[in-house]
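Have a look at the structure below before the remarks.
Starting from 1, each residue takes its place in the sequence as its number. Values below: every heavy atom of this structure, side chains too, minus hydrogens, waters and symmetry copies.
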Amino acid sequence: MRIARDGTWFYLGTPIGRPELVRLFSTILRKDGDEYFLITPVEKVGITVEDAPFVAVDFEVTDLGQEQILTFQTNVGDNVSAGPDAPIRVLRDVTTGEPSPYVLVRANLEALIDRKSFYRLVEIGTHQEHEGQSWFGLRSGGDFFPIIPSEELVEA
């Protein structure tokens with residue numbers, strides 16, 4: 001079994017087309033170290049995950065300013081509000097600088113935030129001091145999640 005970067009689940013090279021079955025598999029997915037497994041009471045089956053097991057396909061904003069909450073919806077039907085227990089992180093490709101944003105869904109399992117949602121997030125981002133430096137980032141659940149140093153954003 002394999003999960004592609006776009007969140008498509010495959011079995012024996014064929015996409016799993018039934019959303020209900022994908023949702024069922026997603027509920028028994030676990031990550032141990034760097035490896036992913038489907039775990040039932042009788043077996044533990046390793047699977048390949050190309051990037052993140054889920055994709056955040058949309059989000060809603062409630063409240064604004066310091067009390068803002070970003071609630072993400074995943075491709076498998078999970079809803080998660082970013083905050084201390086569900087942080088947002090952004091990795092940048094060392095060659096291209098392209099960002100890959102993620103939100104923690106549950107127990108070491110992240111969702112890659114899709115491009116359209118990330119563009120919408122950037123529109124509501126803000127500059128704030130973080131570790132003694134000005135950063136551009138997002139607020140949710142009382143926390144600030146840095147995306148890029150402000151000075152790099154200006155230069156880009």
Side-chain angles (χ1 to χ4, degrees), residues 1-31 34-38 46-65 67-128 130 135-150 152-156:
M1 189 168 285
R2 175 176 68 89
I3 305 173
R5 181 173 167 84
D6 68 0
T8 303
W9 290 57
F10 290 86
Y11 179 72
L12 297 177
T14 303
I16 300 173
R18 293 184 50 206
E20 300 84 3
L21 189 55
V22 170
R23 173 69 183 154
L24 176 64
F25 284 138
S26 77
T27 64
I28 60 170
L29 181 66
R30 301 291 181 269
K31 183 177 181 186
D34 291 334
E35 298 181 10
Y36 293 87
F37 300 92
L38 295 176
I47 67 169
T48 301
V49 176
E50 290 181 3
D51 188 353
F54 310 125
V55 177
V57 295
D58 201 4
F59 73 93
E60 293 180 358
V61 181
T62 52
D63 299 326
L64 293 175
E67 302 306 316
Q68 175 173 281
I69 297 175
L70 304 172
T71 302
F72 294 88
Q73 296 84 42
T74 71
N75 61 317
V76 294
D78 288 313
N79 290 306
V80 61
S81 295
D85 296 329
I88 296 170
R89 71 182 180 99
V90 178
L91 296 178
R92 291 175 59 198
D93 184 283
V94 294
T95 305
T96 66
E98 182 177 348
S100 292
Y102 302 88
V103 62
L104 183 64
V105 176
R106 63 178 180 269
N108 299 326
L109 300 174
E110 291 181 310
L112 175 66
I113 299 170
D114 71 359
R115 187 175 302 265
K116 70 173 172 33
S117 297
F118 187 61
Y119 287 156
R120 288 179 47 221
L121 287 168
V122 168
E123 290 177 3
I124 61 171
T126 185
H127 294 270
Q128 181 174 319
H130 176 74
W135 280 76
F136 178 79
L138 300 164
R139 293 202 59 77
S140 183
D143 278 2
F144 178 74
F145 302 101
I147 295 174
I148 186 171
S150 296
E152 289 183 37
L153 185 63
V154 173
E155 293 174 10

Measuring from atom OH of Tyr36 to atom CG of Leu29, what distance do you get when rounded to the nearest 0.5 angstrom? 7.5 Å
Approximate separation, where rounding is to 0.5 Å, of Leu104 CG and Ile88 CD1: 11.0 Å
Does the side-chain contact (heavy atoms from CB on, under 4.5 Å) test come out yes or no for Ile3 and Thr8, once each step is laid out? CA-CA 6 Å; Ile3 305 173; Thr8 303; over 6 Å; no
Under the side-chain hydrogen bond (donor to acceptor under 3.5 Å, both in side chains) rule, what pairs show up with a residue in residues 76-95, not counting sequence neighbours? Arg23-Asp78, Thr71-Ser81, Asp78-Arg106, Arg89-Glu110, Arg92-Glu152, Asp93-Thr96
Check ring pair (Phe, Tyr, Trp, His ring centres under 6.0 Å) between Phe136 and all other residues, then give those that pass, not counting sequence neighbours. His127
Name every donor-acceptor pair, under 3.5 Å, that has one atom in a side chain of residues 49-60 and the other anywhere in the protein, sequence neighbours excluded.
from: Glu50; atom 1: OE1; to: Arg5; atom 2: N; distance (Å): 3.1
from: Glu50; atom 1: OE2; to: Arg2; atom 2: NH1; distance (Å): 2.4
from: Asp51; atom 1: OD1; to: Tyr102; atom 2: OH; distance (Å): 2.7
from: Asp51; atom 1: OD2; to: Arg5; atom 2: NH1; distance (Å): 2.0
from: Asp51; atom 1: OD2; to: Tyr102; atom 2: OH; distance (Å): 3.1
from: Asp58; atom 1: OD1; to: Arg120; atom 2: NH1; distance (Å): 2.7

On a heavy-atom basis, which atom in Pro146 and which in Trp135 lie closest, and how many Å separate them? CB-CE3, 3.3 Å
Sequence neighbours excluded, the answer for salt bridge (Lys or Arg N to Asp or Glu O under 4.0 Å) partners of Arg115 is Glu98
Those residues that, when tested against Asp114, pass salt bridge (Lys or Arg N to Asp or Glu O under 4.0 Å) (two or more places apart): Lys116
Is there a side-chain contact between Ile148 and Val90 in this structure, where contact means two heavy atoms from C-beta onward sitting under 4.5 Å apart? no
Shortest non-hydrogen contact between Val80 and Val105, atoms and distance: CG2-O, 4.0 Å
For Phe10, is the CZ atom crowded, meaning more than 12 foreign heavy atoms sit under 6.0 Å from it? yes
Non-hydrogen atoms of Gly141 and Pro84 that approach each other most closely: O-CD, 3.6 Å
Working for side-chain contact (heavy atoms from CB on, under 4.5 Å), residues Gln68 and Ile124: CA-CA 10 Å; Gln68 175 173 281; Ile124 61 171; 4.1 Å; yes
May I ask you to test the Gln128-Arg139 pair for a side-chain heavy-atom distance under 4.5 Å? yes
Answer whether the closest heavy-atom distance between the side chains of Thr48 and Met1 falls below 4.5 Å. no
Of all heavy-atom pairs linking Phe145 and Gly83, the shortest is CZ-O, 3.6 Å
About how many Å separate OH of Tyr11 and CG of Leu21, when rounded to the nearest 0.5 Å? 11.0 Å
For Arg30, all residues meeting salt bridge (Lys or Arg N to Asp or Glu O under 4.0 Å), sequence neighbours excluded: none
Among Ile113, Leu138, Val122, Leu121, find the residue that satisfies the side chain to side chain contact (heavy atoms under 4.5 Å, CB included) test when tested with Pro101. Ile113
Whether Phe25 and Trp9 hold their rings parallel, tilted or perpendicular, with breakpoints at 30° and 60°: parallel
